[in-house]
Structure formats: structure tokens, C-alpha cells
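Since the structure comes first, as C-alpha cells, the remarks are kept for the end.
Quick note: numbers below take in every heavy atom, side chains included, and nothing from hydrogens, waters or symmetry partners. Atoms within a ligand are numbered from 1 in the order they appear, just like the ligands themselves. Counting begins at 1 with the first residue of the sequence.
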Amino acid sequence: MNLPNYAYFRGKIVPYSEAKLGVLTHGLNYGTAVFAGIRAYWNEEQEQLYIFRVKDHFKRFLHSAKIMFMDFDHSPETLTKLTLELLRKEDYRRDIYIRPLAYKADEIVGVKLHDLIDEITIAALPFSTYVANDTNAHVTFSSWRRLDDNMIPARGKVSGAYANSALIKTDAVKSGFDEALVLTQDGHVSEGSAMNVFMVRNGVLITPTITDNILEGITRRTVMELARQELGMSIVERAIDRTEVYMSEELFMTGTAAQIVAITRVDHREIGTGKMGPITSRLRDLYQQVVRGYLPNYSHWNTPVYETVKIASAD
Ligand code: PMP
């Protein structure tokens with residue numbers, strides 16, 4: 001992986017090599033940190049880098065921070081401004097991934113959230129695909145269970161909670177699968193290790209409700225809007241049983257890093273025809289157009305990084 005040249009660290013942009021923390025840092029030892037994962041897409045024709053739904057990501061980031069008793073004098077707007085400054089300094093001209101992190105910065109021993117120093121870092125690095133096999137993934141139901149809202153809330157992107165995601169992912173990959181789906185304590189489908197899940201049954205798009213211990217995904221919201229507006233589909237948010245997934249016509253996962261991953265097999269059972277279905281395929285195409293700033297109806301989701309947009313000449 002290519003490391004960044006710079007990072008926002010302790011209130012300013014510094015060379016990445018200077019953005020270092022002591023080994024006793026609270027957030028590192030106890031997982032008392034929250035993060036975001038944002039993508040920016042390079043549009044070659046316009047010579048522009050577009051950050052996708054940056055304000056929505058920072059809104060969720062600040063909500064996650066609130067859950068973890070962090071207090072910042074920041075808004076989604078001020079965090080976006082810092083990110084723009086960082087990206088312009090990096091001068092990226094390719095697809096990238098932005099990682100804001102808020103953490104308990106004290107170098108002390110003691111498990112708690114209160115009376116600690118909160119700090120924010122932001123770094124951005126070149127990025128391409130996250131799930132290698134994103135056109136015909138084979139997934140399994142994990143033997144692990146999703147964390148419950150009363151354990152570590154999945155709706156906050158809390159660093160410590162990602163030990164759960166890592167267990168889910170590694171067991172699946174070591175067993176030969178591309179990814180895993182995970183169930184809630186009461187046996188309903190929740191999500192993937194770092195992505196939400198959708199199925200199509202009888203032409204209706206169905207996804208778990210936000211009370212089934214999912215991260216309230218921004219790609220999930222994007223896909224719901226695109227399916228409704230562009231494909232005229234009905235969308236239902238409800239509890240999903242494991243065997244409904246086996247019987248679905250189409251199945252896919254969504255996430256900022258993962259984008260839209262077509263699942264064609266679950267636990268060695270073919271989904272639908274065993275090939276990526278037409279709805280998944282349409283949504284994948286639409287999503288790529290939207291994130292790269294090609295669909296004017298959704299341009300409010302694209303934040304340009306560079307000041308001048310080169311308009312393609314007519315000849
Ligand atoms: N669930 C989990 C656990 C995740 O980590 C992610 C990735 N952020 C998602 C779902 C998808 O969320 P989003 O579309 O906002 O990236």
C-alpha cells in the first residue's frame with residue numbers, strides 16, 4: 001500500500017512520517033477511537049477529484065465521537081475544509097481513500113471515556129478495489145455474531161468494534177470465501193464485515209433495518225435512493241432470516257471501500273442464476289457514474305477538490 005505524504009495531526013498538516021503516537025496511547029490500547037472511511041474519485045475528463053458524500057461521512061463521524069464521549073469544536077463543514085486542504089497538498093490525481101480518526105490521546109493506564117484528551121487525525125492514500133472478487137463473490141454466514149447496540153454500538157464506527165469485523169473477515173477468508181455475512185444475537189441477518197447487505201426477492205429490494213445492529217451505511221442510503229429514483233424499485237427495511245438469503249434472486253453488499261459487491265453464492269448455494277443479476281449490475285454502473293460526478297441529479301454528493309474544472313472541448 002502506498003503511504004500518504006502528509007497527515008492532519010495535532011491541529012496541522014505535517015509530513016506523514018511525523019504523525020506518530022506513543023505506544024501507551026489510550027485509543028490504541030483500549031480501542032477508544034472512532035473513524036470514518038471516505039472515498040474520492042478521480043474524473044480524468046474533467047481533471048477533477050470528487051469526494052463522495054463527505055458531509056454525510058463527517059456527520060456520522062461526529063455522531064460516533066459523541067457516543068464515545070468525545071467533544072470537538074468541529075462541524076462537518078470544518079472537517080471537510082481540513083480534508084480539502086490535505087488533499088490539495090497531496091495533489092492526488094487518482095482514486096483515493098480518506099481516513100479520519102478521532103481517538104483518546106492520553107498515554108495512561110485506565111479504562112474509561114471521561115476526562116481524557118480527544119484528538120483528530122486525517123490521512124488519505126491511493127486506493128482501488130477492496131473486495132477483489134466483486135462481480136461474483138462467494139460468502140458464508142459467519143459463526144461469529146454481530147456486536148449488539150448494548151455492547152459496542154455498530155451504528156458508531158468505533159475502532160474497538162472492528163475486532164469483531166476482523167474475526168468475521170479472517171475466518172471467512174481462511175475458509176476460502178470472499179466475505180461473510182453475520183447474524184444478530186437473535187439470528188437475523190445484520191451485515192458483512194464492513195459492508196451492508198441487500199437482497200432482491202420478488203423484484204423488491206430488501207435490506208436489514210437499522211435496529212439489526214448495522215452501521216447506518218452511506219452507500220446503503222445511496223443505493224436505496226438510486227434504486228428508488230432510477231430503477232423505480234420499492235425498498236423494504238425489515239428483519240431478514242438466513243434462509244431468505246439462500247432463496248433470494250439477487251444479493252449484494254454495499255460500502256464505501258467495497259462499493260457494490262455482487263454475491264453469487266452463499267454457503268455453496270447459488271443465488272438466483274449463479275451470475276450477477278440485472279439489478280445489481282445496473283446499480284453498480286449507476287454508482288460508478290454518480291461517484292465520478294457524471295450524473296447532474298446527484299452532483300450535490302460530489303465535492304470537487306481542485307478549484308478549476310476543465311470542461312472537455314467540443315472538437
Ligand atoms: N458496515 C460496517 C461494519 C462498515 O464498516 C461499513 C464501512 N464503513 C459499512 C457497513 C458500509 O458503510 P458505508 O457505506 O457508509 O461505507
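- Residue Ala257 does not touch ligand 1, judged by heavy-atom distances below 4.0 Å.
- Using a 4.0 Å cutoff on heavy atoms, Arg53 does not count as a contact of ligand 1.
- Atom 5 (O) of ligand 1 has its closest protein heavy atom at Tyr162 OH, 2.5 Å.
- Here the heavy atom of the protein found nearest to atom 16 (O) of ligand 1 is Thr256 OG1, 2.6 Å.
- Only backbone heavy atoms of Met195 (N, CA, C or O) come within less than 4.0 Å of ligand 1; its side chain stays farther off.
- Residue Lys157 holds the heavy atom nearest to atom 8 (N) of ligand 1 of all those in Arg221, Glu191, Glu216, Lys157.
- Of the protein's non-hydrogen atoms, Thr219 OG1, 2.5 Å is the one closest to atom 14 (O) of ligand 1.
- Every atom of ligand 1 with a heavy atom of Ser193 under 4.0 Å away is listed here by number and element: 3 (C).
- Residue Arg60 holds the heavy atom nearest to atom 15 (O) of ligand 1 of all those in Gln259, His57, Arg39, Arg60.
- Proximity of Arg155 to ligand 1, defined as any heavy-atom pair under 4.0 Å, is not found for any part of the residue.
- Judged purely by distance below 3.5 Å, without hydrogens or angles, the side chains of Tyr30 and Lys112 never pair a donor atom with an acceptor atom.
- Salt-bridge annotation for Glu191 and Arg146: present, with a side-chain N of the basic residue lying under 4.0 Å from a carboxylate O of the acidic one.
- Closest to atom 7 (C) of ligand 1 among all protein heavy atoms lies Ala194 O, 3.4 Å.
- Among residues two or more places apart in sequence or in another chain, the side chain to side chain contact (heavy atoms under 4.5 Å, CB included) test is passed with Lys81 by none.
- A donor-acceptor pair under 3.5 Å is formed between the side chain of Glu90 and the backbone N or O of Tyr6.
- The side-chain hydrogen bond (donor to acceptor under 3.5 Å, both in side chains) search around Thr184 returns Asp186, not counting sequence neighbours.
- Asp106 has no carboxylate O lying under 4.0 Å from a charged side-chain N of Lys104, or vice versa, which leaves the two without a salt bridge.
- Proximity of a side-chain donor or acceptor of Arg284 to a complementary backbone N or O of Asp134 within less than 3.5 Å is detected.
- If you number the atoms of ligand 1 from 1 as listed, the ones under 4.0 Å from a heavy atom of Gly217 come out as 12 (O), 13 (P), 14 (O), 15 (O).
- In this structure, the protein non-hydrogen atom closest to atom 3 (C) of ligand 1 is Arg146 NH2, 3.3 Å.
- No more than 12 heavy atoms of other residues, nucleotides or ligands sit less than 6.0 Å from atom CH2 of Trp144.
- Using a 4.0 Å cut-off between a side-chain N of Lys or Arg and a carboxylate O of Asp or Glu, Arg282 and Glu250 do not qualify as a salt bridge.
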